[in-house]
Amino acid sequence: MITSSMATSKPQKKKMKRYYEEKDNTNEPEPSKAAPENDKILEDNLENRNETNSNRIEKPRNNKQISGATDPFPGSAPIHKKQLSKYDRPRKTTLDKTYMYRAKQQFKAHEEKVQLAVGLSARHDVLLPEEEGYLEADEGQDTCTISQEDIAEAVDITSGSKHFKLVLNQFGPYRINYSGNGRKLLLAGHRGHVAAIDWQSKNLNSEMNVMETINDVRWLHTHNMYAVAQLRWLHIYDSTGMELHCIKKFNDVLRMEFLRYHFLLATSSATGFLQYLDVSIGKEIVATNVKSGRLGVMCQNPYNAVIHLGHSNGTVTLWSPSMKEPLVKMLCHHGAVRSLSVDKTGMYMASSGLDRKLKIFDIRTFRPLHASVLPLGAGALCHSQKGLLAAGTGNIVQVYKDTHLGPPQVPYLCLSVKGPIHGLQFCPFEDVLGIGHGGGFTSMIVPGAGEANFDALECNPYENKKQQREWEVKALLEKVRPRKVFCVLYN
């Protein structure tokens, strides 16, 4: 039973008043004559305080200094156009009235982010002290006549040790792949030999023979895992050589490319399928039937992660996992395409075919800039971080400079190896070109090939185990969705 005393509510507490509020005069004596003057002074102080607070909010802090003088140079410091042109792209995305309003807003926001990144890169260019090297010959002498032994003797001991040869004539020819930071090297012989080494210290991490034909090999997001395209299926191994996974959905794989920012492994097979494997979850994302026969030529655009495929009818197609049809289909050669390569900026593509022509294409307009005829035709092509182009013709490697400015006449460097060339790749952040051939592996010094200044948060050649783990977690959190269209529109 509830009594009246239990139902009564508790007495409410008296609201506390501020010192500047009007006081209750019931229990206090009458104020003195000076009280109204004090209240007026309090009100004036409160009004002045509110005005100063509003002025602080409205006026930016940069307009006045501590001394009270105005800044004669307001805003950020201007950037020279020459520094901006170093990082800016020549053409920007422009949309006409045919596009939807939402698409225009998305491209406008993307363009603002790009311009912000370009401005920050140009502003901090003064903090990059390193400069890329180059090779300069004497008067009346070509640089292509300088041998690797002369270059190794002229440079310091550390740089000279980067030129070496590995005689592996039993299980060749060899396919090669450098890790993302350029520290590790992966060698895969066509007859089953696989080796992972630290090529700078010459330490062997793992070595094995899978007793099966190997078509290609690729490092994954770290140098602790790599993928091997064997005769039947795709296998994943760790750095010690232990098999982690066998993916039977990926059969008869010929070529592979790893998309670093999307954690996708793109594979092309002899059955004509282009497949994408998400290595973060270990599942197949997309499988597309290209309907163009055997897919033995593949490369990726490092700027937008679009896959380029070369076909036997002389055409090159561009693919994205979000599309079932090719983004672009272009006729490049009168015969079959032998090799493809796209530079770091994503604006120029080099292709070689059975017609023995080396062509340079502008991907922004999808038109050829120029073409040159090589004596034997290039069977392997590769671009460096600074725009050098390496072409393997038979057992000779030729390196060209500024191929987008005009047809190559005299090569920058030349080197003859023992055996037909099967794979080429420039080492990231190093002036080194790796050559896999029938007689083993050769490391070639190419001055001016690598990027001299690296971003430690992006790819750190000197990272320790803790930094590697932190980078892997951060990269997984920032992984780009595989269904997102990777292509960039050019007008």
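- Residue G182 comes nearest to W199 through the heavy atom pair O-NE1, 2.8 Å, listed as atom of the first residue, atom of the second, then distance.
- Rounding to the nearest 0.5 Å places CD of Q275 at 10.0 Å from CG of N289.
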Report task. Take I151 and L135, measure what side chain to side chain contact (heavy atoms under 4.5 Å, CB included) needs, and give me the verdict at the end. Result -> CA-CA 9 Å; I151 297 177; L135 190 63; 4.2 Å; yes
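- Between the R175 side chain and the H422 main chain, a donor and an acceptor come within less than 3.5 Å of each other.
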For residues 327-338, dump all side-chain donor-acceptor pairs below 3.5 Å to protein atoms at least two apart in sequence or in another chain.
unit_1	atom_1	unit_2	atom_2	d
H333	ND1	D355	OD1	3.2
H333	ND1	D355	OD2	3.3
H333	NE2	S351	OG	2.9

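- In this structure, the side chains of V399 and L433 come closer than 4.5 Å at one or more pairs of heavy atoms.
- Here the CD1 atom belonging to I214 is positioned 9.0 Å from the NE2 atom belonging to H193, to the nearest 0.5 angstrom.
- Under the 4.5 Å side-chain criterion, counting only non-hydrogen atoms from C-beta, Y412 is in contact with P447.
- In this structure, the side chains of P368 and I360 stay at 4.5 Å or more apart for every pair of heavy atoms.
- Inter-residue side-chain proximity for V397 and L424 is flagged as met; some heavy-atom pair is nearer than 4.5 Å.
- Contacts of Q106 classified as side-chain hydrogen bond (donor to acceptor under 3.5 Å, both in side chains), with partners at least two apart in sequence or in another chain: none.
- Considering NE2 of H262 and NE2 of H221, their distance stands at 15.5 Å, rounded to 0.5 Å.
- Of the possible polar contacts, one joining the N215 side chain to the V253 backbone as a donor-acceptor pair under 3.5 Å is found.
- Heavy atoms only, all atoms of each residue included: K324 and T288 are closest at O-CG2, 3.8 Å.
- Looking only at distances, no side-chain donor or acceptor of D362 sits under 3.5 Å from a matching main-chain atom of Y348.
- Between the CG atom in L389 and the SG atom in C382 there is a gap of 8.0 Å [rounded to 0.5 Å].
- In this structure the side chain of H308 reaches within 4.5 angstrom of the side chain of M349, judged on heavy atoms.
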**Report entry** Derivation and outcome, side chain to side chain contact (heavy atoms under 4.5 Å, CB included), residues Y178 and V432
**Finding:** CA-CA 11 Å; Y178 287 99; V432 170; 4.0 Å; yes
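- One N or O on the side chain of D431 and one on the backbone of G450 form a donor-acceptor pair closer than 3.5 Å.
- Surrounding CD of Q105 are more than 12 heavy atoms belonging to other residues, nucleotides or ligands, all under 6.0 Å away.
- Under 3.5 Å, the side chains of T145 and D142 contain no donor-acceptor pair of N or O atoms.
- Residue-environment remark: NZ (K202) exceeds the threshold of 12 foreign heavy atoms within 6.0 Å.
- At most 12 non-hydrogen atoms from other residues, nucleotides or ligands lie less than 6.0 angstrom from NZ of K357.
- Residue K104 places its NZ atom among more than 12 non-hydrogen atoms of other residues, nucleotides or ligands, all under 6.0 Å distant.
- For K283 and D278, the salt-bridge test fails: no basic side-chain N is under 4.0 Å from an acidic carboxylate O.
- Between P411 and Q398, the shortest heavy-atom distance links the atoms CB-CB, 4.2 Å.
- Using a 4.5 Å heavy-atom threshold, the side chains of V446 and F426 count as touching.
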Query - F258 vs L264, side chain to side chain contact (heavy atoms under 4.5 Å, CB included): CA-CA, chis, key distance, verdict - result: CA-CA 6 Å; F258 183 70; L264 293 180; over 6 Å; no
Query - Candidate pair Q115 and E111, rule side-chain hydrogen bond (donor to acceptor under 3.5 Å, both in side chains), full reasoning - result: CA-CA 6 Å; Q115 292 301 321; E111 190 65 33; 3.2 Å; yes
Using a 3.5 Å cut-off and no angle test, enumerate the donor-acceptor pairs between side-chain atoms of residues 225-234 and protein atoms at least two apart in sequence or in another chain.
unit_1	atom_1	unit_2	atom_2	d
Q230	OE1	Y237	OH	2.7
Q230	NE2	E212	OE1	2.6
Q230	NE2	H235	NE2	3.4

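- In terms of heavy atoms, I247 sits closest to L277 at CD1-CD2, 3.2 Å.
- Residues satisfying the side-chain hydrogen bond (donor to acceptor under 3.5 Å, both in side chains) test with S201, not counting sequence neighbours, are D198, N203.
- Y134 is linked by a ring pair (Phe, Tyr, Trp, His ring centres under 6.0 Å) to nothing, counting only residues two or more places apart in sequence or in another chain.
- No donor-acceptor distance shorter than 3.5 angstrom exists from the side chain of Q300 to the backbone of A305, with no hydrogens or angles considered.
- With rounding to the nearest 0.5 Å, the separation of OH in Y174 from CZ in F441 is 12.0 Å.
- Closest approach of T143 to A137, counting heavy atoms only: CG2-CB, 3.8 Å.
- Looking at K165, H163, Q148, H437 one by one, the single match for side-chain hydrogen bond (donor to acceptor under 3.5 Å, both in side chains) with T442 turns out to be H437.
- Between K344 and H383 the shortest side-chain heavy-atom distance does not fall below 4.5 Å.
- Residue R356 places its CZ atom among 12 or fewer non-hydrogen atoms of other residues, nucleotides or ligands, all under 6.0 Å distant.
- Other residues, nucleotides and ligands contribute over 12 non-hydrogen atoms within 6.0 Å of the CG atom of L116.
- Taking SG from C427 and CZ from R183, the interatomic distance works out to 9.5 Å, rounded to the nearest 0.5 Å.
- Taking the side chain as every heavy atom from C-beta outward, L185 and N177 never approach each other to under 4.5 Å.
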Listing, residues 309-318 side-chain donor-acceptor contacts under 3.5 Å, not counting sequence neighbours, or none:
unit_1	atom_1	unit_2	atom_2	d
H311	NE2	T317	OG1	2.8
N313	OD1	T315	N	3.3
N313	OD1	T315	OG1	2.7
T317	OG1	W319	NE1	2.7

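- Around atom CZ of R123, more than 12 heavy atoms belonging to other residues, nucleotides or ligands sit under 6.0 Å away.
- Comment: D156 does not engage K162 in a salt bridge, judged by the lack of any side-chain N to carboxylate O separation of less than 4.0 angstrom.
- A donor-acceptor pair under 3.5 Å links the side-chain atoms of S352 to the main chain of A378, judged by distance alone.
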Query raised in the report: Stepwise, does the side chain to side chain contact (heavy atoms under 4.5 Å, CB included) test hold for L415 with I396?
Result: CA-CA 6 Å; L415 180 65; I396 298 176; over 6 Å; no
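- T213 contributes no side-chain N or O that, together with a main-chain N or O of R191, makes up a donor-acceptor pair within less than 3.5 Å.
- Panel note: side chain D238, backbone M242; a donor-acceptor pair is recorded below 3.5 Å.
- Looking at every heavy atom in both residues, C459 comes nearest to F429 through CB-CE1, 3.7 Å.
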